[in-house]
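Notes to accompany the following structure.
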Amino acid sequence: MNGLQLLGTGRSLPSRRVTNDDFARTLDTSDEWIAGRTGIRQRYFCAQGETAASLAASAARQALADAGVAPAGIGLCVAATFTADRRTPSLACEVHEALGLPETALCLDVNAACTGFVTALETARCLLLGGQMAAPYALVLGAERISGLLDFSDRSTCVLFGDGAGAAVVRLDPDAPWAAVFGTRGDGQVLHGGGPADPYLAMDGRAVFRFAVETVPACIRAVLDKAGLTLDAVDWLVCHQANSRILHSIAKKLEQDPARFYENMQRYGNTSAASIPIALDEMRRDGRLRPGETVICAGFGAGLTWGGALLRV
Ligand code: UT7
């Protein structure tokens, strides 16, 4: 209980669509390899003038319109990202400026890589529960411009990622169910980048694969235990969209039909903290996710971090 009510969502993808065949023109790779190993067929990258902040602001505007909430109603804005355009101001502050959020709003970024959006939801929930925010609604975002961290000559990483943003407007609902579980395994080797010695994103793909298939099913089970529910009571599993084979392995471990796990990495690649809110927005807008349904969102990624949350939409 003391969960979140999801009032509106939005998403924004940049304009430069890059297919697997486009990559195959400059790299020793193929649509067959990329789609076969990951499910990914295309992704969008920022063109000149497009930024994490412009994507975030566009997704946030849509989420506010969808929720019917004016900027003045926002008490806090939490942006999940590991690829903000600048060190400072934060992405959340850039969204504050672009949308004209009130001066009384608390704005901050969280960096939990691909677990970022679930972490941001829990951060927002706890801050709302604390009772000190000046307005009742929270804007929770995941936004990334990962293309700025990619080595486009490294076929083992650059084909996996994409840029994008997703946003949600939430408020506290004392009657809404909520259960969340988080974990961290401090490890700077398996998945890292963006530092002076390692400017580009680099990873041990197989180790990340194994880590995800080990931790995510256990995390989902722990969330269900906390909520006192079984998987039958959950309508959708919305996991971080890194790789279709990872999601199928998670489904197998949980003895579930993979069709219960939403997939859209085919169209967007891995957009890190943006992947879950983009998925939620797509599912709400195409009628797949209906009001009152129960969802488990689960993220996993660099840190290493993982986190799952059960919520009613
Ligand atoms: O948010 C989390 C972010 N991280 C991830 O999602 C990564 C999770 N891991 C994965 O998705 C998979 O491990 C990969 C898709 C990255 C790789 O799949 P894999 O089945 O584990 O392949 P592999 O790493 O074992 O590589 C197999 C071969 C290698 O060649 P050799 O050494 O066997 O000759 C690679 O060099 O595939 C080669 N390879 C490629 N070939 C064509 C690696 N990247 C490519 C490529 N095109 N783009």
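Counting starts at 1 for both ligands and their atoms, in listed order. Heavy atoms only: backbone and side chains are in, while hydrogens, waters and symmetry mates are out.
Side chain to side chain, Ser147 and Asp163 meet the donor-acceptor criterion of an N or O pair below 3.5 Å. In summary, the side chains of Gln241 and Thr271 do not present any donor paired with an acceptor at a separation below 3.5 Å, with no hydrogens or angles considered.
The aromatic rings of Trp236 and Tyr262 lie perpendicular to each other, with more than 60° between the two planes, well past the 30° mark.
Ligand 1 lies out of reach of Thr157, whose nearest heavy atom is not under 4.0 Å from it. The closest approach between a heavy atom of Cys114 and any atom of ligand 1 is below 4.0 Å.
Taking atom 39 (N) of ligand 1 as the reference point, the nearest protein heavy-atom neighbour is Trp33 CZ2, 3.4 Å. Among all non-hydrogen protein atoms, the one lying nearest atom 10 (C) of ligand 1 is Asn243 ND2, 3.6 Å. Looking at atom 21 (O) of ligand 1, its nearest protein heavy atom turns out to be Arg206 CG, 3.4 Å. The nearest heavy-atom contact from the protein to atom 3 (C) of ligand 1 is Asn270 ND2, 3.4 Å.
Heavy-atom proximity to Arg245, at under 4.0 Å, picks out these atoms of ligand 1: 20 (O).
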Item to check | side chain to side chain donor-acceptor pair (under 3.5 Å) assessment of His240 paired with Asn270 | outcome: CA-CA 8 Å; His240 168 50; Asn270 176 347; 3.2 Å; yes
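When heavy-atom distances to ligand 1 are checked against a 4.0 Å cut-off, Thr29 comes that close through both its backbone and its side chain.
For the pair Arg43/Val159, a side-chain contact is recorded, criterion being any heavy-atom separation below 4.5 Å from C-beta on. Taking the side chain as every heavy atom from C-beta outward, Gln5 and Val170 never approach each other to under 4.5 Å.
Close N/O approach between Thr38 and ligand 1 is not found [any backbone or side-chain N/O within under 3.5 Å]. The shortest N or O to N or O distance between Gly205 and ligand 1 is below 3.5 Å.
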